[in-house]
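Keep in mind that what you see is a predicted model, and the values were worked out from it rather than measured. In what follows, every heavy atom counts, from backbone to side chain, and hydrogens, waters and symmetry copies are set aside.
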Amino acid sequence: MSHADPAARAARADARTPVTADELTIVPANEASWADLRAIFGTSDYPGRCYCQRFKTRGWFWGQGTPEDRQRRLRDQANCDDPAAGNTTGLVAYLGGEPVGWVAVEPRTEYPRLMGLPTVWKGRHEDKADDGVWAVTCFATRKGYRKRGITYGLAAATVGYARANGARALEAYAMITQPGKEITWGELHVGARQVFAEAGFTEVSRPSARRVVMRVDFPG
């Protein structure tokens with residue numbers, strides 16, 4: 001992707017005006033550069049520590065893997081810098097040429113940690129091996145661009161992307177936000193309920209007081 005000049009980039013980074021979906025250019029991550037993903041995730045706070053590996057790993061790796069290990073894994077999983085790649089693991093959002101956001105979306109079976117989480121399965125009886133069901137598991141917004149609504153555009157883009165790639169349904173495991181109750185940015189990496197509701201998802205279960213499973217089923 002092309003980049004804006006530094007002055008324009010700085011102006012956008014300092015702005016707090018909402019960003020609409022129409023202002024974003026969203027592409028599969030294999031069409032983005034690794035430098036762009038690193039700019040989004042950074043090296044500090046939750047994204048810089050996780051690099052979207054929470055649901056992609058289980059066992060010893062999550063507790064003992066280094067940040068560098070997680071970066072390498074994401075780079076390999078996303079097939080960055082390879083537009084001809086047959087698959088990737090997410091979408092990247094650009095605002096005026098600047099990389100500003102990431103969302104993870106792929107078949108649910110590609111997330112090993114989901115298989116044992118009550119958030120996904122409580123009160124439901126589904127075939128865990130059904131790779132026709134896709135999942136949205138993680139958002140990351142670049143510092144300087146947060147709280148501007150970028151996740152709304154990314155969530156909306158996952159619907160068309162999953163359907164175009166053969167998904168029968170698309171799920172998300174969102175946080176329920178309540179006025180006056182603080183939720184840390186790290187907790188919201190899965191997305192807020194309202195984000196998915198506006199993208200056309202509907203609630204299918206509420207496994208806990210703060211978690212909700214949202215879903216879109218695609219007609220055959």
Side-chain angles (χ1 to χ4, degrees), residues 1-6 8-9 11-13 15 17-43 47-48 50-56 70-108 110-111 131 134-167 169-172 188-191 195-196 198-201 216 218:
M1 299 289 295
S2 62
H3 294 265
D5 66 85
R9 188 162 61 239
R12 276 194 300 275
T17 54
V19 174
T20 67
D22 290 342
E23 295 178 271
L24 296 172
T25 299
I26 299 176
V27 302
N30 61 297
E31 297 179 18
S33 71
W34 176 235
D36 287 349
L37 259 70
R38 291 196 68 188
I40 293 167
F41 282 88
T43 57
C50 178
Y51 266 77
C52 208
Q53 296 305 299
R54 180 187 176 196
F55 294 109
K56 293 289 286 183
R70 291 171 183 150
Q71 289 183 33
R72 283 192 293 270
R73 286 178 65 94
L74 177 61
R75 184 174 189 173
D76 291 343
Q77 292 158 2
N79 286 316
C80 295
D81 300 292
D82 186 5
N87 65 288
T88 189
T89 56
L91 303 174
V92 177
Y94 293 84
L95 178 64
E98 277 299 303
V100 296
W102 153 273
V103 61
V105 54
E106 57 182 326
R108 191 173 60 187
E110 295 296 322
Y111 297 109
D131 58 9
W134 283 43
V136 179
T137 60
C138 175
F139 292 92
T141 303
R142 186 177 180 179
K143 279 187 174 181
Y145 295 88
R146 295 172 185 170
K147 298 183 178 180
R148 297 179 64 185
I150 288 169
T151 57
Y152 284 84
L154 282 165
T158 66
V159 177
Y161 177 76
R163 185 173 185 178
N165 282 276
L170 178 63
E171 291 188 345
L188 273 176
H189 75 277
V190 294
V195 169
F196 293 106
E198 293 202 14
F201 291 67
V216 177
F218 303 123

List the residues meeting side chain to side chain contact (heavy atoms under 4.5 Å, CB included) with Asn79, not counting sequence neighbours, and say none if there are none. Asn30, Ala85, Asn87
Interatomic distance, Cys50 atom SG to Phe55 atom CZ [nearest 0.5 angstrom]: 8.5 Å
Got Glu110 and Trp134 here, is their nearest side-chain heavy-atom distance under 4.5 Å? no
Euclidean distance, Lys56 NZ relative to Arg70 CZ, rounded to 0.5 Å: 15.0 Å
Does Gln77 have any side chain to side chain donor-acceptor pair (under 3.5 Å) partners at least two apart in sequence or in another chain, and if so, which? Gln53
Working to the nearest 0.5 Å, report the span between CG of Asp82 and CD of Glu31. 10.0 Å
Residues forming a ring pair (Phe, Tyr, Trp, His ring centres under 6.0 Å) with Phe41, sequence neighbours excluded: Tyr51, Trp102
What pairs with Thr43 under side chain to side chain donor-acceptor pair (under 3.5 Å), at least two apart in sequence or on another chain? none
Rounded to the nearest 0.5 Å, what's the gap from OG on Ser33 to CZ on Arg38? Could you check? 11.0 Å
Tightest non-hydrogen contact, residues Cys80 and Leu37, listed as SG-CD2, 3.7 Å
With sequence neighbours excluded, residues passing side chain to side chain donor-acceptor pair (under 3.5 Å) with Glu171: Arg108, Arg124, Tyr173, Arg215
Give a yes or no answer on whether the side chain of Glu23 reaches the backbone of Thr20 with a donor-acceptor pair at less than 3.5 Å. yes
Pairs under 3.5 angstrom only: tabulate donor-acceptor contacts from the side chains of residues 149-167 to other protein residues two or more places apart or in another chain.
unit_1	atom_1	unit_2	atom_2	d
Thr158	OG1	Ala155	O	2.6
Asn165	ND2	Tyr161	O	2.8

When every non-hydrogen atom of Ala39 is compared with those of Arg142, the smallest separation belongs to O-CG, 3.4 Å
Would you find a donor on one side and an acceptor on the other, under 3.5 Å apart, between the side chain of Arg75 and the backbone of Trp34? no
Quick one: CD1 on Ile40 to OH on Tyr145, what's the gap to the nearest 0.5 Å? 10.5 Å
So, taking the atom named CZ in Phe201 and the one named CG in Leu170, what distance separates them when rounded to the nearest 0.5 Å? 4.0 Å
